[in-house]
A.B. asks: 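I have a structure here, written as structure tokens, and I will follow up with some questions on it.
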Amino acid sequence: MSGVSRLSAVARIRAAADGRGSTALRELTGDGPLALRRSRHPDDDGAAHVVLVGAMAAPLGGDRLRVEAVVEPGARLLVTSAAATVSLPGRVPAPAHYELDLSVGADAELVWRPEPVIAAAGSVLRLWTRVRLAPGARLHLREEQVLGRHDEPPGRLTSRLTVRQGERLVLDQSTDVGAGAPSGWDGPAVLGCRRALGQLLTTTRPLSVPAPTTGLAVDTAVDAAAFPLGDGLTLLTAVATDAAGVRAALSPRGGPDGRAAPPPG
Amino acid sequence: MTDLAIPAALLVLADGRFPAGGHAHSGGVEAAVRAGRVGDADSLRAFCAGRLHTTGLTSAALAAAAAAGTDPTALDEAAEARTPSPALRAASRRLGRQLLRAARAAWPHPALERLADALPGGAHQPVAFGVVAAAAGLGPAEAATAVAYESVSGPVTACVRLLGLDPFQATAVLSGLTDPIGAVAHEAAATAALGDVDLLPTLGAPLLEISAEHHAAWPVRLFAS
């Protein structure tokens, strides 16, 4: 039975500079539920654009999904997704694992901007995003997580983000929230009563970093702060009542830079 | 030596009166009180449970690994990567420096001199704590227990001042957390025993980090963090 319901899939993307100022996709391999589609970059003819397309319901409990992306020196790659990733309970009472392994070469650029991950009621998902940046690499990585679909109890979502610049570890942090997480995850130290969280890791200084509040005696709908990391990286962390609140907090006015402005919608 | 005895050095090191500067820090509860998220014993209990199971576990494991002899500079890099907030990084290093200063008088040991030389800007507090615990003759599990306990005793003590919370009620919050503190310390020591820095817990608490940045910008505050 478990052999039927457990699934293991690895998708691979490799973008390389083609020597004429453009980017070629040297490898674009989908696998099972991880389908990849080549698209036209909305506003940069020299960059490649890949859309992650959910071909079937995944991840389910017990699944092991992995996406590997390599952006070779000088190449530029945008990755988006066609829809939110919804984690669902599987037939086996095991967590689903979803790993991203992202590597950005010297003077290369990766914009990783998928739709949110939603942990449906009863699901258990473990996300792990590993990023390796070469000197001069540019990054714009957005992760948004929502506990529960509309009006349903939260699933469990464990998420870890590990970032190295060269050999130097500059960020290694995780959250473990939702139903079944250790006590206090929905308390005033971790999420409060919020159900959405997000992080934006960028080498471009955000144009509008949330101004520190001087401490109003009210609980706001969105809390966010920016943290400088490593060599020229900024981490923006936001906690909000819903996905729209997180998206707004992680979308600096005017886009992260001229070229990688978020497409409308 | 008996197996059942609690080493007195652990009591000295974990005592809130140990002059390591911890009394000046609220563990983030001052910001939570001002935001209206903590206002009574129940919300304080939820705050403490969240802190214990996130940064409390992460810190306890770093301390246990340091007490077990893992290279403190590697652990310090791991602590830095697990603490993105500049305000919390600065507070942790300041507390590490103060702890080391007090410990060099209390338990003189070459390992403390080596740590001070290796990290002149101050080691992160849990890393310093583990090295100090070993110098005081304590083991990884004891270091983890003390750090897990500290992760909640600071906020509870601070709330007596911030909220005028009844000290009996405050102590009841702490006594109600002794089993989870033990469980967190056990997990911390078990992961530290694996001997691989990358396998140490990485859990953080988003609201603690966000509000620490805001708190550091307040013109007037009771606590340093």
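A note on names: the letters A, B, ... follow the listed sequences, proteins ahead of strands, and every chain is numbered from 1. None of these values were measured; they are calculated from a predicted model.
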A.B. asks: Does B/Asp40 have any side-chain hydrogen bond (donor to acceptor under 3.5 Å, both in side chains) partners at least two apart in sequence or in another chain, and if so, which?
C.D. replies: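 Per chain and number, B/Asp40 pairs via side-chain hydrogen bond (donor to acceptor under 3.5 Å, both in side chains) with B/Ser43.
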
A.B. asks: Pick from A/Gly230, A/Ala181, A/Ser183: which one has the most heavy-atom pairs with chain B under 4.5 Å?
C.D. replies: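 Most heavy-atom pairs within the cutoff with chain B belong to A/Ser183.
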
A.B. asks: Taking side chain as everything from C-beta outward and backbone as N, CA, C, O, which of these in B/Ser85 sits under 4.5 Å from a heavy atom of chain A? Side chain, backbone, both or neither.
C.D. replies: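 Both parts, backbone and side chain.
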
A.B. asks: Is the cationic atom of B/Arg34 (NZ for Lys, CZ for Arg) positioned less than 6.0 Å from the six-membered ring centroid of B/Trp218 and within 45 degrees of its normal?
C.D. replies: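 Judged by the rule, B/Arg34 and B/Trp218 form a cation-pi pair.
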
A.B. asks: For the candidates A/Thr237, A/Leu197, A/Thr158, which exhibits the highest count of non-hydrogen atom pairs separated by less than 4.5 Å from chain B?
C.D. replies: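 Maximum pair count with chain B is reached by A/Thr237.
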
A.B. asks: B/Pro84, B/Ala46, B/Ala49: which one forms the most heavy-atom pairs within less than 4.5 Å of chain A?
C.D. replies: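 Among B/Pro84, B/Ala46, B/Ala49, the one with the most close pairs to chain A is B/Pro84.
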
A.B. asks: So which of A/Gly187, A/Ala189, A/Ala238, A/Gly184 has the biggest tally of heavy-atom pairs under 4.5 Å with chain B?
C.D. replies: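 So the answer, after comparing A/Gly187, A/Ala189, A/Ala238, A/Gly184, is A/Ala189.
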
A.B. asks: Crowded around B/Asp166 CG? As in, over 12 foreign heavy atoms under 6.0 Å?
C.D. replies: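 Above 12, so yes.
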
A.B. asks: Quick check on B/Arg221 against chain A: is it the side chain, the backbone, both or neither that has a heavy atom closer than 4.5 Å?
C.D. replies: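 Neither part; nothing is under 4.5 Å.
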
A.B. asks: At a heavy-atom separation under 4.5 Å, does A/Leu235 approach chain B through its side chain, its backbone, both, or neither?
C.D. replies: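 For A/Leu235, the side chain is the part near chain B, not the backbone.
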
A.B. asks: Hey, are the side chains of B/Thr55 and B/Leu208 touching, using non-hydrogen atoms and a 4.5 Å cut-off?
C.D. replies: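 Touching, per the 4.5 Å side-chain cut-off.
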
A.B. asks: Between A/Trp128 and A/Arg126, is there a cation-pi geometry (under 6.0 Å to ring centre, at most 45° from the normal)?
C.D. replies: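 No, A/Arg126 does not sit over the ring of A/Trp128.
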
A.B. asks: Looking at A/His97, I'd like to know if its NE2 atom is crowded, meaning that more than 12 non-hydrogen atoms belonging to other residues, nucleotides or ligands lie closer than 6.0 Å.
C.D. replies: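 It does: A/His97 NE2 has more than 12 such atoms within range.
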
